[in-house]
Amino acid sequence: MKLRRSMLFLPGANAAMLSTAFVYKPDSIMFDLEDAVSLREKDSARLLVFHALQLPVYRETETVVRINPLNTPFGHLDLEAAVRAGVDVVRLPKTDCAEDVELLEREVERIERACGREVGSTKLMAAIESASGVINALSIAKASPRLTGIALAGFDYVMDMQTERGDGTELFYARCAVLHAARAAKIDAFDVVWSDLNDEAGFLKEVDLIKRLGFNGKSLINPRQIELLHNAYAPTEEEVEYAGRVVAAAAEGERKGLGVVSLNGKMIDGPVIDHARRVLQRAEASGTRK
Ligand SMILES: CC(=O)SCCNC(=O)CCNC(=O)[C@H](O)C(C)(C)COP(=O)(O)OP(=O)(O)OC[C@H]1O[C@@H](n2cnc3c(N)ncnc32)[C@H](O)[C@@H]1OP(=O)(O)O
Ligand SMILES: O=C([O-])CC(=O)C(=O)O
Ligand SMILES: [Mg+2]
């Protein structure tokens, strides 16, 4: 079970962060070449990220590079550097339609062939940051078998919608649309960045909401957010104990040839058993909540 709860952004021009981010153990590390890098640092950031990707320490963690859009002067250069350096996942920002992903896929394949990397080994992720992107979320999510997930990018999205970040009401439709598209395409779904590092309670409230909606995780901007997120996503001891009893009751029912059994008056059938197995898998992969 590949956990993708935390995807830590860091500015590609920041050499100190590039060389230490792995110690925080996010599920994925995302080197940003887009909006966190000033125009004057685009070239040096690309070179730094190209070298950082090849450090042995990054073999252990999933690496992601957020390139600039392909219709900018930087996008193709970023992509060339990321694929040649062996990045695990390329994240395309400002994805508005399936054709954006199809173009990305063609370019990635061309570069893989040119540099001798196995064709298909570079995975993709699309960030949806506009009304058009949200409307096209399903076709974007199904645009390439290389896609591991889609992400909602809240800051550009609320700009496009002529609103601003608030209590989450402004993101409600987009979150549901992106999530349904990802689930229909059987890929991961990532929620927006939380930018107020001093508002831990607000962050945790948002994490609770997106976990209940069904997101795999969130894009993060600071190491302090990682442990909070992982802990909130870990099942509690009680959930694990109950899941164990559900699986045991189901096994007992199967031995007796029963399709449905009851545990303390609660019906236990297929989806309940699947959920219990997922809780146990998650506990095995991430431990229990502290
Ligand atoms: C809308 C968008 O596009 S969002 C995506 C793009 N944005 C980004 O990539 C921003 C990433 N985050 C950051 O740059 C920073 O966390 C900021 C600017 C938000 C806050 O910076 P600070 O106030 O310095 O954070 P803080 O005091 O918590 O830093 C503590 C330590 O963590 C390190 N750190 C902070 N953020 C990160 C990060 N994202 N990755 C790795 N290390 C980090 C700092 O370098 C510092 O290390 P040090 O103690 O060795 O100097
Ligand atoms: O991709 C992200 O998560 C961050 C981002 O660009 C945005 O919110 O506009
Ligand atoms: Mg953005």
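Because the structure is a prediction, the values reported are computed rather than measured. Order of listing sets the numbers, starting from 1, for every ligand and every atom in it.
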Within the structure, does at least one protein heavy atom fall under 4.0 Å of [atom]?
| atom | result |
| --- | --- |
| atom 49 (O) of ligand 1 | no |
| atom 11 (C) of ligand 1 | yes |
| atom 30 (C) of ligand 1 | no |
| atom 24 (O) of ligand 1 | no |
| atom 43 (C) of ligand 1 | yes |
| atom 16 (O) of ligand 1 | yes |

Taking atom types as modelled, is there a side-chain donor on [X] or [Y] under 3.5 Å from an acceptor on the other?
| X | Y | result |
| --- | --- | --- |
| Arg91 | Thr148 | no |
| Glu170 | Thr163 | no |
| Asp96 | Ser130 | yes |
| His230 | Ser6 | yes |
| Ser121 | Arg117 | yes |

Return the residue, atom name and 0.1 Å-rounded distance of the protein heavy atom closest to [atom].
| atom | result |
| --- | --- |
| atom 46 (C) of ligand 1 | Tyr24 OH, 4.9 Å |
| atom 1 (C) of ligand 1 | Phe155 CD1, 3.9 Å |
| atom 38 (C) of ligand 1 | Met17 SD, 3.6 Å |
| atom 8 (C) of ligand 1 | Ala36 CB, 3.8 Å |
| atom 4 (C) of ligand 2 | Arg66 NH1, 3.8 Å |
| atom 20 (C) of ligand 1 | Leu197 CD1, 3.8 Å |
| atom 21 (O) of ligand 1 | Asn222 ND2, 4.5 Å |
| atom 7 (C) of ligand 2 | Ala153 CB, 3.4 Å |

Is there a polar contact between ligand 2 and [X], counting only N or O atoms under 3.5 Å apart?
| X | value |
| --- | --- |
| Val192 | no |
| Asp35 | no |
| Gly154 | yes |
| Glu34 | no |

Compare every heavy atom of [Y] with every heavy atom of [X], then report the nearest pair and how far apart it is.
| X | Y | result |
| --- | --- | --- |
| Ile150 | Val178 | CD1-O, 3.5 Å |
| Val272 | Met267 | CG2-O, 4.0 Å |
| Leu263 | Ala249 | CD1-CB, 4.3 Å |
| Asp160 | Ala131 | OD2-N, 2.8 Å |
| Pro26 | Ile226 | CB-CD1, 3.8 Å |

Report yes or no: do Tyr58 and Leu53 belong to one cluster of Ile/Leu/Val/Met/Phe/Trp/Tyr joined by side chain heavy-atom distances under 4.5 Å?
yes
Does Arg113 reach the side chain of Val119, with side-chain heavy atoms less than 4.5 Å apart?
yes
Does Pro93 reach the side chain of Pro69, with side-chain heavy atoms less than 4.5 Å apart?
yes
Distance filter under 4.0 Å to [X] heavy atoms, resulting ligand 2 atoms:
| X | result |
| --- | --- |
| Phe155 | 7 (C), 8 (O), 9 (O) |
| Glu129 | 6 (O), 7 (C), 9 (O) |
| Ser219 | 3 (O) |
| Arg91 | 1 (O), 2 (C), 3 (O) |

May I ask whether Tyr157 has any heavy atom positioned less than 4.0 angstrom from an atom of ligand 2?
no
With a cutoff of 4.0 Å, is Ala151 in contact with ligand 2, counting heavy atoms of the residue only?
no
Name the one of Glu105, Arg106, Glu112 that satisfies side chain to side chain contact (heavy atoms under 4.5 Å, CB included) with Val108?
Glu112
What atoms of ligand 1 come closer than 4.0 angstrom to any heavy atom of [X]?
| X | answer |
| --- | --- |
| Pro223 | 32 (O), 34 (N), 35 (C), 36 (N), 37 (C), 38 (C), 42 (N), 43 (C) |
| Leu10 | 9 (O), 39 (N), 40 (N) |
| Leu8 | 39 (N), 40 (N) |

Connected-component partners of Ile221 among ILVMFWY, side-chain separation under 4.5 Å
Met7, Phe9, Met30, Val64, Val89, Met125, Phe155, Phe190, Val193, Leu197
Identify whether NZ of Lys or CZ of Arg in Lys218 sits under 6.0 Å from the centre of the six-membered ring of Tyr233 and within 45° of that ring's axis.
no
Metal environment of the Mg ion (ligand 3), protein N/O/S under 2.8 Å:
Glu129 OE1, Asp156 OD2
Option whose closest heavy atom lies nearest to atom 3 (O) of ligand 1, chosen from Met30, Arg66, Glu34, Gln225
Arg66
Any N or O of [X] that comes nearer than 3.5 Å to an N or O of ligand 1?
| X | value |
| --- | --- |
| Arg224 | yes |
| Phe9 | yes |
| Ile221 | yes |
| Asp32 | no |

Backbone of Thr122 reached by a side-chain donor or acceptor of Arg146 within 3.5 Å:
yes
Could you tell me if any non-hydrogen atom of Pro11 lies under 4.0 Å from any atom of ligand 1?
yes
Would the Tyr157 and Tyr173 ring centres measure less than 6.0 Å apart?
no
When you look at Val90 and Leu104, which way does the side chain to side chain contact (heavy atoms under 4.5 Å, CB included) test go after all the steps?
CA-CA 9 Å; Val90 172; Leu104 176 68; 4.2 Å; yes
Test: Arg289 and Glu238 ion pair at under 4.0 Å:
no
Show your working on salt bridge (charged side-chain N to carboxylate O under 4.0 Å, His left out) between Glu227 and Lys290 and close with a plain yes or no.
CA-CA 10 Å; Glu227 187 55 35; Lys290 293 176 193 91; 3.5 Å; yes
Spacing of CZ belonging to Phe215 relative to CZ belonging to Arg4, to within rounding of 0.5 Å:
15.5 Å
